[in-house]
Protein chains: 4
Amino acid sequence: MPKVSEEYKERKRELLLESALQCFSEKGYYATTIDDIAAYSKTSKGFIYNYFNSKEELYIALMEERTSRTFTALRERFATIEGATGKIKELFRMYREAKVGLQWQGLIRVHMEFWIHSARHENLRDIMVSRYKYQYRDFLKEIIEEGKASGEFEAHVDATVIASMFWGIIDGLSLHYSVIGDEYEYRSHFIQAEQMVLLYVGKK
Amino acid sequence: MPKVSEEYKERKRELLLESALQCFSEKGYYATTIDDIAAYSKTSKGFIYNYFNSKEELYIALMEERTSRTFTALRERFATIEGATGKIKELFRMYREAKVGLQWQGLIRVHMEFWIHSARHENLRDIMVSRYKYQYRDFLKEIIEEGKASGEFEAHVDATVIASMFWGIIDGLSLHYSVIGDEYEYRSHFIQAEQMVLLYVGKK
Amino acid sequence: MPKVSEEYKERKRELLLESALQCFSEKGYYATTIDDIAAYSKTSKGFIYNYFNSKEELYIALMEERTSRTFTALRERFATIEGATGKIKELFRMYREAKVGLQWQGLIRVHMEFWIHSARHENLRDIMVSRYKYQYRDFLKEIIEEGKASGEFEAHVDATVIASMFWGIIDGLSLHYSVIGDEYEYRSHFIQAEQMVLLYVGKK
Amino acid sequence: MPKVSEEYKERKRELLLESALQCFSEKGYYATTIDDIAAYSKTSKGFIYNYFNSKEELYIALMEERTSRTFTALRERFATIEGATGKIKELFRMYREAKVGLQWQGLIRVHMEFWIHSARHENLRDIMVSRYKYQYRDFLKEIIEEGKASGEFEAHVDATVIASMFWGIIDGLSLHYSVIGDEYEYRSHFIQAEQMVLLYVGKK
DNA sequence: CATGAATGAGCATTCATTCAT
DNA sequence: AATGAATGAATGCTCATTCAT
């Protein structure tokens, strides 16, 4: 059945990524087996290894796919938003309004799980730290600096640390929500966090 | 009349808990084997199972020990601190000045790891959620309410959510530090977080 | 009328055989995968299966090709050599002067490996035993008998056993060299083996 | 069932070694699975890993056990044999009279298989080469030198090469026998090899 | 013809837990 | 009480072979 179109392969790849997403989200990174993903995608173990060399690689691909998609959408949306404050608000809005639920909780958990997993493996950690610094932190840092330049934010705030702290807060609240579940007043937390952050960086 | 004294058992229990702490911190929850702990404590597998019925139970005991010790120490220290603001500051100071390092990173990671693990198991999650609500959150909630009562803090802040958010921030920053490692400006993050939180809850 | 000429097929077959030789020599019979050979020959798995029905068959074809070529060359060369002693010497000379090295070691190993492999499979073994008897042993047996007839060799030696023993010696020394590697005094061993054999069969 | 006697453990170890011997001999090194050995020994996979850390290690232990036993017996027997010639003859006699048969053939094959296997793995090869040089070769080298000293053998023969060649011959003939099987005139080959070797090293 | 996608049996190794001694 | 021997389910990954395109 060979010499299949690029488009076909892309479709299959997506199928695997989507299946992996479901499985990882449901059972976590460690507990998900390649067989689970094969079963879910109604393909086979070997099939998966045609696309990804290891479970780890599969997870990384999944993560990168999602991150890249997220940031692309983010930049697009931000292009139409005037001012740093507006952008920060939009960012919070996105998290606040996220389609939370079981699947979302699972995704946060597996994300954190892998993040921790990576801390214990040299190579992986380098990848994750780079992503953190150059994708997440710098993305926000630019916005903070924009705010400082425009006079929206206090001039003396340390953009790098603020940016980093922002993600720390997001991850902390998300993690708690992912474990506590529906009892966690997810929206309230994010609303207050937003006010808190904006008050802190804003001109007094 | 038991063959071994209660005191002996307590000592052994501590030994196991301490050993488990070292092992978990170093290799993580999943990667640590009962054999590791037996070897570290120079006892045996069977011995460990005399004190704890499973790896999971051992971890929980360890966590409870540490939490209870932490909160006891905390309450003690707080008894001498006037005012809610001072208490919050002290709390931040404790985190900020924590003897960070490899072991500390390992502890945070295993803590988060288990926290995530628990989310996937009904019974465990109930335990963890209770701990979260009645130990962590309520502890802080009382302080916030003290601050509101004394007029240090804005009267309209939602003590429950603020308390919860506080721990979310702590965990978020800690988690990031535990993965990023020494490149992470740990103290800076906590200093800014403190300012941010206090600014937010304080009287304008 | 076939789409591709016989000559084309023959060329491709040679390509595959040559590629297989390289791969087997480098990694051994078991460790070499069909994919390796496809990659080396810049063809494809399916292509290879068009020419050979299995990895085993491919190896056999390779072996036969090489043996037949070897013996053809040998007979040619021997046609010009007077006397059995000269022929034996020439045979030793060939082994002694062989372009030894990593590749040569690899070839010997895979040869032995397959030889052993064949011993465990009825059909294969029959093939290998026939080859042994009718190609290798008989080839030398004729020379020994020539030597007996001409009076160069002792009349009472058992040509069959001597011939067989000769190959045993060659294989034994080769195998040792293939494992020991460059520390093995390859030439010395073959020189002494030659003296020993000739002394043994020669007239006293 | 713990704290079992050393003797018990030794017995179990022997059981595993014996079982491994049977399985390896029958199916070869690669084809034998740990499950095969567990089934044969009526124990379990985990049990085997209590005694040996890997299939490779198990094989090596087996090999060392056998070698050490062989050489011990050999040295014992040789203590009572006057003269180098007598010792060489005894060595040949032992091989010649070995209880050949299917099992013996299997053992030779797996021995050669592993020998070749080792050539492809740095660490393993070092072990095997050492064994070759310091156990096998040197053992015989001493005998040859004894023969030279006593005047039984020609003074100019190179003891090291002769010793090495001797084992090459033994292995070559054994290998051939192990593949050819009962059609191979095993005893005849060894008889002639003996005559050949003794004629070569002996005084003219 | 040629390709390479798809399959899935196969295997070494790990480890929490049990329980005989 | 304490030990550690014994178990066996579980899992990531490989690869010869097939066959649809």
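Throughout, a chain's letter reflects where its sequence line sits, starting with A, and its residues are numbered from 1.
- Residue Phe52(A) is out of contact with every strand shown, counting any heavy-atom pair closer than 4.0 Å.
- DNA chain E is contacted by both Glu56(D) and Lys9(A); Lys9(A) maps to the nucleotide lying nearer its 5′ end (nearest heavy atom per residue).
- Across Tyr30(A), Phe52(A), Phe24(A), a single residue satisfies ring pair (Phe, Tyr, Trp, His ring centres under 6.0 Å) together with Tyr59(A), and that is Phe24(A).
- For the contact set between residues 43-50 of chain D and DNA chain F, defined by any heavy atom under 4.0 Å, the members are Thr43(D), Ser44(D), Lys45(D), Gly46(D), Phe47(D), Asn50(D).
- Of the residues in residues 14-33 of chain C, those placing a heavy atom less than 4.0 Å from an atom of DNA chain F are Thr32(C), Thr33(C), in numerical order.
- Atom NE2 in His111(B) sits 10.0 Å away from atom CD1 in Ile116(A) (nearest 0.5 Å).
- Note on residues 18-32 of chain C: pairs passing salt bridge (Lys or Arg N to Asp or Glu O under 4.0 Å), not counting sequence neighbours, are Lys27(C)-Asp36(C).
- The strand DNA chain F forms stems, runs of 3 or more Watson-Crick or G-U wobble pairs with distances below 3.5 Å, at E:2-21 with F:2-21.
- Look at NZ on Lys42(B): it is 13 Å from P on dG4(F), rounded to the nearest Å.
- Along DNA chain F, the nucleotide nearest to Ile34(C) and the one nearest to Ile34(A) differ in position, and the one closer to the 5' end is contacted by Ile34(A).
- Annotation: side-chain contact (heavy atoms from CB on, under 4.5 Å) contacts of Asn50(B) (sequence neighbours excluded): none.
- Tyr8(C) comes within contact range of the sugar-phosphate backbone alone, with a heavy-atom separation under 4.0 Å but no base atom that close.
- The minimum heavy-atom distance linking Gln105(A) with Ser178(A) is given by the pair O-CB, 3.6 Å.
- Looking at residues two or more places apart in sequence or on another chain, you find a side-chain contact (heavy atoms from CB on, under 4.5 Å) between Lys45(B) and Ile34(B), Asp35(B).
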